[in-house]
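Let me begin by presenting the structure, written as structure tokens, before commenting on it.
As a basis for the values below, the full set of heavy atoms in this structure was taken, side chains included, without hydrogen atoms, waters or symmetry mates. Labels below follow one simple rule: chain letters A, B, ... track the order of the sequence lines, proteins then strands, and each chain is numbered from 1.
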Number of protein chains: 2
Amino acid sequence: MGDQIINPSMASSTEENYLKALFNLSNSLGEVNLSELAHGLQVSLPTANSMVKSLQKSGWVNYEKYKPLILTPEGQKEAALIIRKHRLTEMFLVKKMGFGWEEVHEIAEQVEHIHAPKFFQRMDEMLGFPTIDPHGSPIPDNQGRIQEFSYVPLSSCKPGQTVQLTALTNSSTEFLEFLNSRKLALGTQLKVLSREAYDLSLVVSYQNHPQETLSEKVSERLLVRVLD
Amino acid sequence: MGDQIINPSMASSTEENYLKALFNLSNSLGEVNLSELAHGLQVSLPTANSMVKSLQKSGWVNYEKYKPLILTPEGQKEAALIIRKHRLTEMFLVKKMGFGWEEVHEIAEQVEHIHAPKFFQRMDEMLGFPTIDPHGSPIPDNQGRIQEFSYVPLSSCKPGQTVQLTALTNSSTEFLEFLNSRKLALGTQLKVLSREAYDLSLVVSYQNHPQETLSEKVSERLLVRVLD
DNA sequence: CAAATTTGTTAGACCGATCTAACTTATTAC
DNA sequence: GTAATAAGTTAGATCGGTCTAACAAATTTG
Ligand SMILES: [Mn+2]
Ligand SMILES: [Mn+2]
Ligand SMILES: [Mn+2]
Ligand SMILES: [Mn+2]
């Protein structure tokens, strides 16, 4: 009853999730191991194996037995366009619908699979063509091109440095709620006061927080721009 | 990788589309024939038959061999809640995102399957808790209750009557584009000037249109409130 | 009412996405 | 460099959703 037209060359939601996972898990060489993929998607190895073979048939992945997986350029573009929909959605939910940055990932995980170019185009327009999402990740353009930023993890900063929080390497609800509880948001300026040699925790100061200790687990997930 | 949690008692998108179709196709007794269902969903009879058996197992449908299909109260509520999401989405797309009423059905057909109560709750709030969608159909409340209106088809009106267009029985893009071309919108007041006995077409006047002929096919799809 | 037609059912197949069990290849450790 | 371990593959099954072919029941028509 008036459902969407399914183009055979179109990826299913499942395939789209595999492409996204491959994209996000790719190392600097663009390679991913099957077991990382299976782990990332919470499926068994044989499941990932058979899916990868079918993604190869569709031309999204280069697959050779026992070799690491590599997205083809088409696969990369496809993945980037899904990530674009995901991040535009997150931005829309935060900026236009009043959601907190910790609430939007799960919703976007579903909305990203909607096939309606005008819908996302309209979001993009309403948002003024944003280039980053609410967690500081870049939004690919409509050709699937991604602007790369060179941020460094806070964990690599030295005492005395002043930095600005610009992005996160993890956007789980739990982590975001932790940041909320410490009043840490994108844009916050922090000064690194000291590093504890034993557990690599950092003592920082910012705004009304003259002294706050951040574990290594936290500081390695905070990406910053060094200000001086 | 952060995908939605799937509750076993939850209907799949396919099942949701069957429930909606059953709801919309139900006659005054709440009955639907299998062939109507299959036709409405554009699937074969055996496909509809097997799906209906599985909907029965889930407790959404009462099914007996060779008897008409009847949604259970639970099935009705489930269907109404999906229709609620569909219509809220259409309203949101029109009122908050600037889409035309002829563009929104296909998008809503996908968005209705998203499992994110807060998302639709937020739409509802932003829209001020609307009770009708952009095509004049009632939006079920969050308990799945539907407010019934007693509109009559324009085709049943008599020359001399003045009426107001309040809803449509068909919301296909083509029909809505036809209405756009004649500048007919919800709320438009029309006066019935005459009826052609041969083909039952109606001559009406409204706004800057002193004389417009509407075929029976059109006039039976226009629901109106009689003003005098 | 019997024949013709429509409607509904069953059987058996296929495909996508998933699993477990069993096996093979590759990598790591000693 | 072999043995142990990890990673990847194959085989075979299940389940949801779909189909066609063949058949059966119900309804309509003459
Ligand atoms: Mn996200
Ligand atoms: Mn997803
Ligand atoms: Mn609609
Ligand atoms: Mn739908």
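The only member of B:Lys85, B:Lys95, B:Arg84, B:Arg87 that meets salt bridge (charged side-chain N to carboxylate O under 4.0 Å, His left out) when paired with B:Asp133 is B:Arg87.
At a cut-off of 3.5 Å, with distance as the only test, no side-chain donor of B:Gln56 or B:Asn62 sits close to an acceptor on the other residue. Counted by atom type alone, A:Trp101 and A:Asn180 present one or more donor-acceptor pairs between their side chains at under 3.5 Å. Remark: the A:Ser35 side chain and the A:Asn33 side chain contain no N/O donor-acceptor pair separated by less than 3.5 Å.
For the pair B:Lys57 NZ and D:dC15 C1', the interatomic distance rounds to 11 Å; values are reported in whole Å. Atom CD of A:Glu64 is separated from atom P of D:dT9 by 11 Å (rounded to the nearest Å). A:Leu45 has its CG atom 17 Å from the P atom of D:dA11, to the nearest Å. The distance between atom CD of A:Glu36 and atom C1' of D:dG8, rounded to the nearest whole Å, is 13 Å. Following rounding to the nearest Å, B:Lys65 (NZ) and C:dT9 (P) show an atom-to-atom distance of 8 Å. Residue B:Lys67 contributes atom NZ, which lies 11 Å from atom P of C:dT9 at whole-angstrom precision. Between the P atom of D:dG16 and the CG atom of B:Leu55 lies a distance of 12 Å, rounded to the nearest Å. Taking atom CG of residue A:Leu37 and atom P of nucleotide D:dG8, one finds them 10 Å apart after rounding to whole Å.
Taking the six-membered ring for Trp and thresholds of 30 and 60 degrees, A:Phe92 and B:Phe92 have ring planes more than 60 degrees apart, a perpendicular arrangement.
Checked for salt-bridge contact, A:Glu109 and A:Lys20 meet the test: a charged N lies under 4.0 Å from a carboxylate O. With respect to the salt-bridge test (charged N to carboxylate O, under 4.0 angstrom), the residues A:Glu74 and A:Lys77 do not qualify.
Between A:Lys53 and D:dT9 there is no side-chain polar atom (N or O) within less than 4.0 angstrom of OP1 or OP2. Phosphate proximity of C:dT10 to B:Tyr66: absent, as no side-chain N or O sits under 4.0 Å from OP1 or OP2.
Taking the six-membered ring for Trp and the full ring otherwise, the centers of A:His105 and A:His135 sit at least 6.0 Å from each other.
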Which protein N or O atoms sit under 3.5 Å from an N or O of nucleotides 11-18 of chain C?
{"from": "C:dA17", "atom 1": "OP1", "to": "A:Ser12", "atom 2": "OG", "distance (Å)": "2.6"}
{"from": "C:dT18", "atom 1": "OP2", "to": "A:Tyr18", "atom 2": "OH", "distance (Å)": "3.2"}

When you compare the protein's N or O atoms with those of nucleotides 2-4 of chain C, which come within less than 3.5 Å of each other, and at what distance?
none

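Checking D:dT10, D:dT9, C:dT10 against the side-chain heavy atoms of B:Asn49 singles out C:dT10 as nearest.
Minimum heavy-atom separation, B:Ser219 to B:Leu202: CB-CD1, 4.1 Å.
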